[in-house]
Each structure stands twice: as C-alpha cells, then as structure tokens.
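The structure under discussion appears below in the form of structure tokens.
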Amino acid sequence: MSDRAHHGGVDARWAGEWGRSGLAYLTGLPDGPPDFSRAHVLERADGLAPDAATLLSGRAALLGLTRRGRMSAGGASRLLAARDGWCAITLSRPDDIAAVPALLSLAEVGDDPWPAMQRWVATCAVADVIGRAGLLDIPAAALGEAAAAPPDIRQVAPRVSPRGPRGLLVADLSSMWAGPLCGQLLARAGATVIKVESPARPDGTRAGHPGFFDWINGGKLSYCLDFDTQADELRALLAVADVVIEGSRPEALARRALGRDDIAPRDGRIWVRITGHGSRSRRPAFGDDAAVAGGLVGTAEGPVFCGDAIADPLSGLEAHRAVIDSLGRGGGELIEISMAAVAATYAKLPLHSSTTELPAPPPPAPSVPATAAALGADNATIRHLVNENRCLPC
C-alpha cells in the first residue's frame, strides 16, 4: 500500500468517526452542511480514552444541541468579526451580561446584547476588544492567539513508587466540565473522588441539565463546606489527597491559604491546575472561547464553532492522561493545563475536507450510569476518611 493510500484510509476512518459521533452535526453553519474539517481531532483524542467521541459530544446529545455556526452550540458564545480579524466573546454568567453596557460604553443595551456587541466589535481592532473585555472580566479570545503546548509539568515533591489510580484519594475542586471530567475518568479507574463545593458557589452545572451533571459527577462523593470559615477542614482534606484538581484562578485558593504551597507536603501528590490561558493569565475562559483562542474552529465559509465547547472535554482528557503518566513516574508533580494551548495543539492536526457525503447524524445520548450525590451528602463520610488518612503514613 502506498503512503498516499494509507493516509487516505486513515483520513476516511476519522472522518467516519467524526460523522458518527455527532461532532460533524455540531460543526458548521446552521443552514449549511455538517463540517468534517476537524475530523483528526478524534485521531488524537481516541488515544486518551476509548469513548473519547462520546465524551466530546455527550453534553450536546443530552441537551439536544445542534450547530449554529458563529453562535456556539450552547448559545453563550459568539464569533464576531472585528476590523482586523475574528474574536469570540462569551456571556454565560450574569456578571458578564451585566458588564456589557460598560464594555460598549452605553447606558443600556436591551434584552439582547448581541446586536450592539456585534456593531461595536466591527469598529474595533481585535486586541482592543480582548483588552477591554479583560478589564471587565468578560471571557474573550482572538482567533488563533494561543500557541500549542504540552502540559507544564514541574517536580514539586518527592516521588513514590509508580502506581495506578485505583485506591487513590482525589480532591476535585473544579467545576463545569474539564476538571470534573478528569475526576470522572479517575473515578472510573478506581480512585475515590471527592467533589468539593462551596454552599455559596456550588458547581454551576448543578443548576443546569441534571443528566449532564450526573454524567460527569456520578460516582463521586460530595463534600460541601465554606472555603472561608471552614478553610482548616478543607486544608486537612487536601493534605491527605493523592491528587488535587483545581480549575479556578490560582489566587482564589492562595488568598485563603489553600493553594499548593499552603498545604502540608505529601510524597507523590499530584496537583492539577486547569486554566483558560495559563496560570500566569487572569483572563477567564470557557470551552468555546478557549477553542477559538487555540484556532480550533470549523472552516466552512469562514470560522465556525467546532463541536460543543470542545476545549473543555479535550482539556479534561489531556489532564487525565497527564495524571496517569505522572503516576507512572511516581508523581510529586504540579501539572498545569491551559485550555487554549490544548485547543491549539489539536488545531495543528491535519485538516480534512470540510464537506463529504458521509452521514452526520445527531450525537447519540451517552449512558448515565449513576446519579450524582446531593450537595454535601457525604460530608460525614469524608470527615471520617480524612481522619483515617491522617493516621496513615504518606
């Protein structure tokens, strides 16, 4: 078989997988054909989890989402044309919407802020849009601004013997999708995963589609405590954890003395930090705008959103792989994952033709094997577990 024929066969395989998964259905203009241009994303993702295609498209299946072109499948992000390029803006939080008048220097913008936003962006340079949005803590990204990069891994504690995740204690302080998916994959592999939430600010997906929350968080224990008034209790959990997953800005934990440097050392502990644009950046990000930052977009008649918030699940998959690899080295590492850099890594993969005659059905609904625990349902169990582990050697 010639190299060209071999590559053609590989190309066809992943295009078929992209179509069957529903990712083609989720990518493209709403009145245009499904977009297959990013089919090779599955070639890499498939090596990280056997059900990677389902993990990338499952939320959209549960929520009944479809492709919307330059509006994200979930509806909170838009791809907008500026004077000198494209950018993405996300208005998913009440504070984001409330900040729009200040962003546009208007007294009010009405119930739908997007027409005014589109007009304003069209008059600006991309850098000015990103800079002004950053001042107001609104998630925004320039198309292709991020460079591809592997996780930033640093040795911060002594190693232990190589091990797998079974039986390990994982403290999952993250929310939404990327970090919780990493925790879910570790739970599947036999780790005890504790989902940590604040009563004042629980994971926002609890208030969303219950099937999605159950899918990502079923099988985890739920620990609810106030990060300010019960910081010592949380610090005790982090001190005995084998793996810690955080998805907030590093200073959010550091100002409560709950950051990595504030926790009692433990040989082999792995600390995973997932951010939108790297730990040195204070910019917020969600899966759709982080994907745009990395250049991971469909190519049908200009840029369109790729899949559903695709930088989120890709970052969760990459974080899980990084943890497994670290365990094999003996751990003791800080692993920093930038969602934008992950997206840029996948954006560098070869492009497939955007159009094909292959079928592109809606994504199939994933199996949801367990209902997630109610907020704080396992507090007593976890306190007992922490006290037991305090008595054990590291």
Side-chain angles (χ1 to χ4, degrees), residues 1-47 51-61 63-75 77-81 85-88 118 141-144 146 148 287-314 317 342-365:
M1 179 184 292
S2 70
D3 285 345
R4 182 172 181 178
H6 171 72
H7 290 309
V10 171
D11 206 49
R13 175 191 170 185
W14 296 113
E17 293 290 336
W18 187 257
R20 283 188 292 274
S21 69
L23 288 163
Y25 175 88
L26 294 168
T27 308
L29 296 171
D31 55 353
D35 186 325
F36 285 76
S37 60
R38 295 298 180 176
H40 285 283
V41 162
L42 286 181
E43 184 175 6
R44 178 183 173 105
D46 188 68
D51 58 344
T54 299
L55 294 173
L56 297 184
S57 63
R59 188 185 84 146
L63 275 60
L65 305 181
T66 187
R67 62 184 177 279
R68 300 188 187 186
R70 295 187 182 103
M71 179 192 301
S72 64
S77 302
R78 299 289 193 282
L79 264 164
L80 303 172
W86 291 88
C87 60
Q118 187 169 11
L143 177 60
D288 285 303
D289 54 87
V292 170
L296 186 55
V297 294
T299 61
E301 299 184 40
V304 293
F305 284 106
C306 177
D308 171 31
I310 197 166
D312 259 316
L314 288 177
L317 286 168
V342 167
T345 299
Y346 281 83
K348 289 183 68 176
L349 297 173
L351 284 171
H352 186 274
S353 172
S354 63
T355 58
T356 175
E357 297 301 316
L358 291 169

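What you see is a predicted model; the values in this text were computed from it and never measured.
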To the nearest 0.5 Å, what is the distance between CG (L56) and CG (L42)?
6.0 Å
Interatomic spacing from CZ in R78 to CG in D288 - rounded to 0.5 Å:
10.5 Å
With rounding to the nearest 0.5 Å, note down the distance linking OG in S57 to CD1 in I310.
9.5 Å
Nearest heavy-atom contact between R38 and V297 is NE-O, 2.8 Å
Interatomic distance, CG@L23 vs CH2@W18, rounded to 0.5 Å, equals 4.5 Å
Using 0.5 Å steps for rounding, measure from the CG atom of L26 to the OG atom of S72.
11.5 Å
Exam field: side chain R70 to backbone P303, donor-acceptor pair closer than 3.5 Å
yes
Give me the atom names and distance for the closest heavy-atom approach of G19 to P361.
O-CD, 3.3 Å
For Y25 and P363, the nearest pair of non-hydrogen atoms, with its separation, is CD2-CD, 3.7 Å
Could you pull out the closest heavy-atom pair between L143 and G295, with the gap in Å?
CD1-CA, 4.0 Å
R44 charged N/C atom sitting above Y346 aromatic ring, 6.0 Å / 45°:
yes
Hits for side chain to side chain donor-acceptor pair (under 3.5 Å) against R20, two or more places apart or cross-chain, chain-then-number order -> E17
Between the main-chain N or O of P30 and the side-chain N or O of R68, is there a donor-acceptor pair closer than 3.5 Å?
no
Could you give the distance from SG (C306) to CG (L314), rounded to the nearest 0.5 Å?
8.0 Å
Got a donor-acceptor contact below 3.5 angstrom from the R67 side chain to the G32 backbone?
yes
Nearest heavy-atom neighbours spanning F36 and L358
CZ-O, 3.8 Å
Suppose we screen for side-chain contact (heavy atoms from CB on, under 4.5 Å). Which residues come up paired with S354, at least two apart in sequence or across chains?
D35, S37, T299
If you apply the rule side-chain contact (heavy atoms from CB on, under 4.5 Å), what do you find for W14 with D46, and how did you get there?
CA-CA 10 Å; W14 296 113; D46 188 68; 3.7 Å; yes
For the student: nearest non-hydrogen atoms of A311 and A291, plus distance
CB-N, 3.7 Å
Would you say T27's side chain and G307's backbone share a donor-acceptor pair under 3.5 angstrom?
yes
Pairs satisfying salt bridge (Lys or Arg N to Asp or Glu O under 4.0 Å), at least one member in residues 294-312, at least two apart:
R59-D308
